[in-house]
Amino acid sequence: MPSPKNSELKEKDYLTVAEAGQILGITRQGVYKLIHRGSLIASKLSSRLTLIKRTSIEAMLDGSPYTKRQPKEHTVITELYTRADIREKYGVKDSWIYKVVAENNVPKTIIRGKAYFSKSHIDRLFSARKENPEITEWYSVEDIQSKYGMTLSAIYSLVSKIGIPKRKEGSKVYYSKYHFDVAKGAKSAEDVEFISVADAMEKYSLTRDQLYHYVKTYKITKLRCGKYVKLHTKELSELFNPKIEL
């Protein structure tokens with residue numbers, strides 16, 4: 001016989017994240033992933049309460065019927081990146097490249113002892129890191145050296161560590177003025193609201209690794225306060241708040 005709890009769920013039109021996970025047979029994190037990628041529509045009523053219509057679950061399932069997977073045609077990959085190419089284009093560290101490549105099974109080949117990765121796969125995975133059209137003020141390397149007295153290696157290290165947005169014009173690279181000023185502490189916490197990593201983890205029900213994955217991928221602005229790091233509240237909210245349908 002069905003348990004009383006399951007019987008109650010069958011009568012509910014509005015479900016919590018945990019209840020939706022119970023119906024779908026997945027974890028709360030799995031439900032949030034469906035919400036964040038837009039597959040499942042939910043209503044965020046407060047920082048601690050998200051409700052999901054039963055009809056939203058049914059609509060999601062109806063819109064994703066099972067289809068037999070067709071065998072893929074073998075294609076020869078001719079356009080490749082070296083790790084140096086990826087570091088230069090997307091401003092990431094080798095450790096992050098290895099992580100993304102391993103998690104997403106990016107095709108690669110070894111030529112004379114050097115690893116080469118599929119250009120199309122890398123561009124698709126890192127496309128979210130491309131230039132933000134809302135950024136209108138940029139620093140050249142010379143501007144940064146003049147304002148902050150930093151060496152080239154110090155600039156590149158900070159850009160890679162913090163994930164500062166950049167754009168390229170010919171052979172010249174420019175970095176987001178706003179993000180660089182925040183990273184260097186030129187903008188105070190009074191200028192923009194920040195949230196601690198611990199609070200962000202609790203608010204969005206994420207592990208530390210999951211949160212940092214989103215921070216790095218979507219270039220969320222970080223502010224270092226002593227040994228602690230805080231994250232841009234508005235940018236996180238725009239990323240994680242699901243679509244609302246009333």
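- Under the 4.5 Å side-chain contact rule for hydrophobic residues, Val17 and Leu61 share a cluster.
- Counting only heavy atoms from C-beta outward, the side chains of His121 and Asn104 never approach each other to under 4.5 Å.
- With Ile52 as the fixed residue, the side chain to side chain contact (heavy atoms under 4.5 Å, CB included) test singles out one of Thr16, Val31, Ile41: Val31.
- A side-chain donor-acceptor contact under 3.5 Å links Gln210 to the backbone of Thr207.
- Hydrophobic clustering, with ILVMFWY side chains joined whenever heavy atoms are under 4.5 angstrom apart, keeps Ile110 apart from Val101.
- Counting heavy atoms from C-beta outward, Ser237 and Tyr204 have side chains that approach closer than 4.5 Å.
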Next item on the list: I would like to know whether Ser140 and Asp143 meet side chain to side chain donor-acceptor pair (under 3.5 Å); could you show each step before the answer?
Entry: CA-CA 5 Å; Ser140 65; Asp143 293 334; 3.1 Å; yes
Notebook entry, point to check: Stepwise, does the side chain to side chain donor-acceptor pair (under 3.5 Å) test hold for Arg37 with Ser39?
Noted result: CA-CA 6 Å; Arg37 73 187 185 202; Ser39 300; 3.2 Å; yes
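- Scanning both residues, Ile195 and Ala200, for their nearest heavy atoms gives CD1-N, 3.8 Å.
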Next item on the list: Decide side-chain contact (heavy atoms from CB on, under 4.5 Å) for Leu206 and Tyr214; before the verdict, give the C-alpha distance in whole Å, the side-chain angles of both, and the deciding distance to 0.1 Å.
Entry: CA-CA 10 Å; Leu206 297 170; Tyr214 286 114; 4.1 Å; yes
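- Using a 4.0 Å cut-off between charged side-chain N and carboxylate O, Asp181 and Lys147 make a salt bridge.
- Lys234 meets the side chain to side chain contact (heavy atoms under 4.5 Å, CB included) test with His232, Glu238; sequence neighbours excluded.
- By the side chain to side chain contact (heavy atoms under 4.5 Å, CB included) test, Ala198 pairs with Ser196, sequence neighbours left out.
- For the pair Asp123 and Lys119, the salt-bridge criterion is met [side-chain N within less than 4.0 Å of a carboxylate O].
- The shortest non-hydrogen separation linking Arg28 to Ala18 is CG-CA, 3.9 Å.
- Nearest heavy atom pair, residue Ala42 against residue Ile35, reads CB-CD1, 3.8 Å.
- In this structure, OG in Ser56 is found 11.0 Å from CG in Leu51, a value given to the nearest 0.5 Å.
- A pairwise comparison of heavy atoms in Leu15 and Lys12 identifies CD2-CB, 3.9 Å as the closest pair.
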Next item on the list: Give the C-alpha distance, both sets of side-chain angles, the deciding distance and a yes or no for side-chain contact (heavy atoms from CB on, under 4.5 Å) between Leu80 and Asp85.
Entry: CA-CA 9 Å; Leu80 303 165; Asp85 294 331; over 6 Å; no
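- Within the 4.5 Å cutoff, the side chain of Leu152 has heavy atoms near those of the Val141 side chain.
- Side-chain atoms of Ser157 do not come within 3.5 Å of backbone N or O of Ser153 as any donor-acceptor pair.
- At least one donor-acceptor pair closer than 3.5 Å links the side chain of His36 to the backbone N or O of Tyr32.
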Item checked: Derivation of the side-chain contact (heavy atoms from CB on, under 4.5 Å) call for Leu34 and Met60 -> CA-CA 10 Å; Leu34 291 173; Met60 177 186 70; 4.0 Å; yes
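- To the nearest 0.5 Å, the span separating OG1 on Thr151 from CD1 on Ile144 amounts to 11.5 Å.
- The two residues Arg83 and Tyr98 make their nearest non-hydrogen contact at NE-OH, 3.1 Å.
- The pair Glu58-Lys53 does not count as a salt bridge, with every side-chain nitrogen at least 4.0 angstrom from each carboxylate oxygen.
- Put simply, OG on Ser205 and CG on Leu211 are 11.5 Å apart, with the number rounded to the nearest 0.5 Å.
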Next item on the list: Mind running side-chain contact (heavy atoms from CB on, under 4.5 Å) on Met201 and Val197 for me, showing each step along the way?
Entry: CA-CA 6 Å; Met201 289 167 58; Val197 170; 3.8 Å; yes
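- Note that the CD1 atom of Ile155 and the CD atom of Glu142 stand 8.5 Å from one another [nearest 0.5 Å].
- Between Leu45 atom CG and Thr50 atom OG1 the span is 7.0 Å, to the nearest 0.5 Å.
- Expressed to the nearest 0.5 Å, how far CD of Glu169 lies from CH2 of Trp138 amounts to 9.5 Å.
- Ring pair Tyr175/Phe180 is tilted by interplanar angle, where 30° to 60° counts as tilted.
- Remark: Lys108 pairs with Phe117 by the side chain to side chain contact (heavy atoms under 4.5 Å, CB included) rule, at least two apart or across chains.
- Closest non-hydrogen pair, Ala20 versus Ile57, comes out as CB-CD1, 4.0 Å.
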